[in-house]
Amino acid sequence: METGHEERTAAGRRPSVRALVAGSVGNFIEWYEFGVYGYFATVIAERFFTPAGGGAVEGLVKTYASFALAFFFRPVGAALFGRLGDRIGRRPVLILVISLMTVTTALIGVLPAYATVGVLAPWLLTLLRVLQGLSAGGEFGGAVAVMTEFAPPGRRGLYGAWQSFTVALGLLGGAGVAAVLASSLSEAQLESWGWRLPFLLALPMGLGALWLRLRLDETPTFREQEPAEALPARDVARAVVLGAGRVMGWAAAGYAFLVVLPSYLQTALHATFREALTATVLANLGFAATIIPAGLLSDRVGRRPVMLTGAGLVVVLAVPLLDLLQSPGTSTLLKGSAVLLAGAIVGLMAGPSPALLAEMFPTRVRCTGLGLAYALSNAVFSGCAGLIITEAVKRTGNVDVPAYYAAAACAVSVLALFRKTAFGGIAGKADGTDAGDRADVGNVVRRH
């Protein structure tokens with residue numbers, strides 16, 4: 001049985017709800033900013049990576065290279081802050097990472113452009129992206145640990161799904177702000193100073209998130225864990241690699257369909273900025289609509305069946321859906337339905353993923369393990385998505401590259417989902433064969 005769950009009483013439900021909000025709000029800000037960076041990639045490329053006479057595509061590739069670099073610092077942040085979270089507690093780490101994330105995001109909004117400081121501009125932007133990568137790497141592991149460790153019995157999938165749901169909310173929030181600015185400002189105003197406003201908005205949002213986390217208690221699971229021998233490093237490493245493989249389909253398909261799509265539509269299919277944003281909003285609405293139901297369903301039938309359904313659908317439908325967008329004879333309604341469906345399929349993978357990762361690791365290595373698994377998959381398959389897709393389309397002229405990229409990653413996830421976890425005591429639930437809460441995941445520590 002799980003210990004420390006005051007949520008069984010009316011008064012005891014408050015800590016779990018507070019943890020849900022405080023844990024997910026940082027993820028919202030993180031993905032809001034990453035979405036904004038992706039939506040304004042063409043503007044940022046011109047302002048920071050394209051000196052006079054430089055090519056637009058070259059600048060966009062450099063912009064995505066900076067984007068990818070930030071993702072490659074996520075595993076570093078996951079290891080650094082995850083280790084702290086497993087040693088001193090989840091709460092202090094969440095306070096630290098939200099502070100770092102807020103400051104670095106707001107600084108992008110006041111950063112001087114290439115025309116002002118020359119070659120220093122791209123280096124300063126890249127430095128801020130690196131710091132964002134470090135904070136984002138620590139955010140996921142700590143937040144998911146808090147949300148799932150406070151979750152009532154039988155509700156880890158639902159509680160963990162809120163972490164994924166705030167990905168959709170963050171991306172939608174970024175797209176909404178970008179759409180409002182695109183509609184209310186002239187193109188010259190947007191490119192001159194308007195693009196800075198979404199980054200500056202992170203400051204009040206971050207202060208609100210910090211206030212929530214300062215009021216958060218430490219998780220009962222962390223406080224009440226019993227002393228135990230060190231876990232075999234080989235088993236932890238195997239679980240991290242397996243976890244990364246299981247969520248790489250979500251990482252690749254999510255970025256291909258939800259973040260890279262605006263710039264891809266503009267550069268490859270010659271859509272307008274507003275058309276690209278509309279498509280992105282629809283994709284993220286579909287994504288948001290299925291996340292919570294998918295997490296709730298995973299509490300009933302298991303994580304694996306729900307995630308296998310999503311990954312399998314991407315493998316089968318990615319190319320046909322992209323072909324619909326490319327066809328000049330496709331109606332606007334059908335194109336909108338295609339991007340909506342693409343987002344909904346990604347949501348089937350995203351909903352159960354946080355709980356699945358949390359259940360793969362014992363309490364004493366949970367922040368580090370699940371944070372590293374998530375960060376590694378995102379570093380390779382999300383952070384590189386824009387760079388790989390843009391460069392591949394440029395070199396091959398094949399506009400189906402995003403679909404092939406997403407489908408290939410999801411095919412690997414299908415294989416990983418069929419493999420057993422390194423920690424046998426957790427494997428049942430993480431593999432989707434036991435949707436209940438008959439044993440505390442943290443108790444696996446006692447068997448090692």
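Just so you know, residue 1 is the first one in the sequence shown, and it goes up from there.
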side-chain contact (heavy atoms from CB on, under 4.5 Å) between Arg213 and Val97, intermediate numbers included: CA-CA 11 Å; Arg213 290 185 172 182; Val97 295; 4.0 Å; yes
Report yes or no: is the cationic atom of Arg18 (NZ for Lys, CZ for Arg) closer than 6.0 Å to the six-membered ring centre of Trp162, at no more than 45° off its axis? no
Please say whether the positively charged group of Arg90, taken as NZ for Lys or CZ for Arg, lies over the ring of Phe150, i.e. under 6.0 angstrom from the six-membered ring centre and within 45 degrees of the axis. no
If you take all heavy atoms of Val167 and Asn27, which pair is closest and at what distance? CG2-ND2, 3.3 Å
In the structure I gave you, are the side-chain heavy atoms of Thr104 and Leu134 within less than 4.5 Å of one another anywhere? no
Any non-hydrogen side-chain atom of Arg155 less than 4.5 Å from a side-chain atom of Asp299? yes
With a 4.5 Å limit on heavy-atom distance, are the side chains of Val301 and Val306 in contact? yes
Shortest non-hydrogen contact from Ala106 to Leu203? CB-CB, 4.2 Å
Begin from the C-alpha positions of Thr102 and Leu210 and carry the test side-chain contact (heavy atoms from CB on, under 4.5 Å) through to its verdict. CA-CA 9 Å; Thr102 300; Leu210 180 61; over 6 Å; no
Work out which heavy atom in Arg246 is nearest to a heavy atom in Arg419; give both atom names and the distance. NH2-O, 2.6 Å
Do Arg91 and Glu149 meet the salt-bridge criterion of a basic N to acidic O distance under 4.0 Å? no
Do you know which two heavy atoms are closest between Met248 and Gly245, and how far apart they sit? CG-O, 3.2 Å
Start with the C-alpha distance between Gln132 and Tyr37, add both sets of side-chain angles, then the distance that settles side-chain contact (heavy atoms from CB on, under 4.5 Å), and finish with yes or no. CA-CA 12 Å; Gln132 284 178 321; Tyr37 191 90; 5.9 Å; no
If every non-hydrogen atom of Ile98 is compared with every non-hydrogen atom of Gly206, which pair is closest and at what distance? CG1-O, 4.2 Å
Short side-chain donor-acceptor distance under 3.5 Å, Thr368 and Arg83: no
Shortest non-hydrogen contact between Val339 and Gly336, atoms and distance: CG2-O, 3.1 Å
Is it true that Arg129 and Glu33 have a side-chain N and a carboxylate O under 4.0 angstrom from each other? yes
Evaluate the side-chain contact (heavy atoms from CB on, under 4.5 Å) criterion for residues Ile345 and Leu341: first the C-alpha distance (whole Å), next the side-chain angles of each, then the deciding distance (0.1 Å), finally the verdict. CA-CA 6 Å; Ile345 293 172; Leu341 177 60; 4.1 Å; yes
